[in-house]
Number of protein chains: 2
Amino acid sequence: MFTNFITPAGRTGFYHRPASRTKRACQPFVRHAFVIFAIDNRPGENVYTKPADTMTPTIKDVAAHAGFSIATVSRAINAPHTVNPVTLEKVRQSIDALDFRPSPLGRQLRGERSRLIGVVLPTIANPVFAECLQGIDELAAAQGFRLMLMTTQYDAERERHAIETLREQRVEGLILTVADADTHPLLDELDHAGMLYVLMHNDTVRRPSVSVDNRLAAFEGVRMLIAHGHRHILMLAGTLAASDRARLRHVGYSQAMQQAGLTPAPALEIDFNADELAPSVLAHLTGSQRPTALFCSNDLLAMVVMRGLRRAHLDVPRDMSILGFDGLAMGELLAPPLASIGSPNREIGCSAWRRLIARIDGTYADASLSLTLPYTLREGATIAAISSHADAASARRSHETTPAAAQSGSSYQAAHSAG
Amino acid sequence: MFTNFITPAGRTGFYHRPASRTKRACQPFVRHAFVIFAIDNRPGENVYTKPADTMTPTIKDVAAHAGFSIATVSRAINAPHTVNPVTLEKVRQSIDALDFRPSPLGRQLRGERSRLIGVVLPTIANPVFAECLQGIDELAAAQGFRLMLMTTQYDAERERHAIETLREQRVEGLILTVADADTHPLLDELDHAGMLYVLMHNDTVRRPSVSVDNRLAAFEGVRMLIAHGHRHILMLAGTLAASDRARLRHVGYSQAMQQAGLTPAPALEIDFNADELAPSVLAHLTGSQRPTALFCSNDLLAMVVMRGLRRAHLDVPRDMSILGFDGLAMGELLAPPLASIGSPNREIGCSAWRRLIARIDGTYADASLSLTLPYTLREGATIAAISSHADAASARRSHETTPAAAQSGSSYQAAHSAG
DNA sequence: GTGAAAGCGCTAACAG
DNA sequence: CTGTTAGCGCTTTCAC
């Protein structure tokens, strides 16, 4: 009835070969450090010894403990209604007793879904992305998906590595924000491989994406500045000048300037991770030819610039008006509250999620691949009106400008959707 | 030589049974939608058809494509030096041609490490946790680990679910911040199950953790306020009054007050997710009995309170001094820059990571389970000195108070380590 | 140097 | 209602 044997791996154990007439046979049963075998005991009368704590119990352990086959255990877990209630109860007790939890590996290996989604973000230090992630996480948790997160710091090589890693993990889809979506070979690769993904914040019509219309938003924002009488407006951008978003925002800036007969300037690049503004930048902003208004490519940058100006004893908005981009909740807590073009970050995350799931489930009926969400113009109090003939120098001397004048731009307070 | 057969799954295919003398035999080869078989071709002369794009290639595909066995492919990947260079090259070409990437599932199934770490955070909307995560992510990426992230919104049930999910995923360890570490049954469970974890921010000596000494930090912070002449100091805490950190901070506050012969007040609870301060709270802060200084349990809260005060036309720090907790980078960008007790969030994340890995690798020699990191007192400019006899009313009228006076507390500017 | 085969944990098809 | 068995993708003896 029992046959002593040596497994190929060199482990010893006993193999119970049931007589052919025996109704319920038991599985061979070997754990690394010790030998266990289930005698042909009646359910409940088990002889099972719980494996060492470090050994995660498997379905076999449960089966042996309960005195049933692994198939029955599997059914008890995945289709409880198909098993005898008494059996079910016994199996459940064994599961509890062993603290068993089914390994997703076995399941996935069987070709089931991994219910795993990869998220690739430049950084989570920027609340813009943290807010997106928050939205994604909320939905993922509700729908029983797991998230695997990787950050890239805007680095192309890390983007590649992240996507590679995530694909290895057999994610069902990817949600990502890349530096530059249009010219991204990796995304072509994903398309080609049939790997489903949705971009966030990457403003492109060529790929599945969710974002605001960066160009239009910037255009409207700068128009507002112009409507406040500003004629010398500079755009500041972060190190992500290689980013599609920053570029589009600069296009919007340029168009607004040109429409008003003004000359757009190249974006001034800022390292907004530095503690201080670079001297050359500060010179730009404080010199006699300095602009009266600044359009910052993102809110974090705007905040750093505001601090720099304050240290240079320039008052915002009296000496300099500031408009940010992102609509960071934090901006409202500043003094004065930061005027900003707001993107619905959390909603971008949620939308990206929904679209990805729709693609995965094949219910992605929408022909248009990219989704453009409405942005908002948050007035804040960092924008002051100046008389149209005022130049930088007079603006600095002028005391007639008042923060309250910023309210006059309220006609711009609107939600735009570029559908 | 070829036997037509029907697999149990109902798929048809051809099985190549090599004559016993045949040197190189081929594996049976069946894909879902179509039949492929590798003829006993010489390497390089393959008859393999690439499967549909949606089908992730497996090691079998590579083997068939290259005309070798899966064992050889496996070796080519994991132990290149053991295979014939010519073979190796052919296999590599097949891998490239099919864009094959080994599934971690198969590997893990073989009992290898999952190289997966679970991270459980209350929220990533709070930069405190985003910064921690950033630190963790950096190290994880460098060491080839993957991160699985779940957030809990301080909810016990979600904490339970997150840990459960992560354990199912067979993470090698957990890094987490829970609402209350000492009385957490889940953590006992983890201990009991031998599941390795490290807490972040949870200030407890009973469990593996990394944090600052919240009590001492609050104590020193409030002492600084007292040294600036404040006698009526209130502590504000968020909805996380059920949090161990907030509680310890309140203990520190109370001790500092008592040491100075002052009467500590219960913490005033604030919902800092709300847009506005609750009227009752505002009444507390603006009434005739109002305090001259506020100790806020976290920076986000401090910022919301500052905005509330501004709207109530109270000036910070002239009418009210504010001390926060967290040392959020953002706080420095405020006007005035927020005084805060800083915890090295990023470093907390990194340390937690290192300790977890040390535990996993079994190199965790340190007898002390909890690590206390030094905090800093960031002066900022939201704290003003008042003359020791001043009460709230006179403080409001007084103009002799100057933000610069905050500098007088610089003797407190120090790093403390409660080892 | 290479191939055959076992087995990791699990599900599902099938048999009884 | 329950058990047997094949097989998911991979690594790893062992044999040739």
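Numbered from 1 within each chain, the chains take letters A, B, ... in sequence-line order. All values reported here derive from a predicted model rather than from experimental measurement.
Qualifying ring pair (Phe, Tyr, Trp, His ring centres under 6.0 Å) partners for Phe145(B), counting only residues two or more places apart in sequence or in other chains: Trp353(B). Take Arg115(B) and apply the salt bridge (Lys or Arg N to Asp or Glu O under 4.0 Å) test, not counting sequence neighbours, and it matches no residue. A search for side-chain hydrogen bond (donor to acceptor under 3.5 Å, both in side chains) contacts involving Asn84(B) returns nothing, not counting sequence neighbours. With sequence neighbours excluded, the residues forming a side-chain contact (heavy atoms from CB on, under 4.5 Å) with Leu196(B) are Leu356(B), Arg359(B), Ile360(B), listed by chain and number. Every residue two or more places apart in sequence or in another chain that forms a salt bridge (Lys or Arg N to Asp or Glu O under 4.0 Å) with Glu138(A) is listed here: Arg158(B). Remark: Asp155(A) engages no residue in a side-chain hydrogen bond (donor to acceptor under 3.5 Å, both in side chains) (not counting sequence neighbours).
Within the structure, every side-chain polar atom (N or O) of Lys60(B) is placed at least 4.0 Å from both OP1 and OP2 of dC10(D). Taking only side-chain nitrogens and oxygens, Ser103(B) never comes nearer than 4.0 Å to OP1 or OP2 of dG9(D).
Among the nucleotides dA4(C), dT4(D), dC10(D), the one closest to the side chain of Ser69(A) is dT4(D). Picking from dT12(D), dT4(D), dG9(C) the nucleotide with the shortest atom distance to the side chain of Thr58(A) gives dG9(C). Comparing dC10(D), dA4(C), dT2(D) against the side chain of Ile59(B) picks out dC10(D) as the nearest.
Applying the side-chain hydrogen bond (donor to acceptor under 3.5 Å, both in side chains) test to residues at least two apart or on different chains, the pairs with a partner in residues 167-178 of chain A are Arg113(A)-Glu172(A).
Salt-bridge annotation for Arg354(A) and Asp361(A): absent, with no side-chain N of the basic residue lying under 4.0 Å from a carboxylate O of the acidic one.
Near DNA chain D, defined here as any heavy-atom distance below 4.0 Å, the residues from residues 72-80 of chain A are Thr72(A), Arg75(A), listed numerically.
Comparing the start and finish of the helix from dG1(C)-dC16(D) to dG16(C)-dC1(D), five pairs each, the helix axis swings through 40°, to the nearest 10 degrees.
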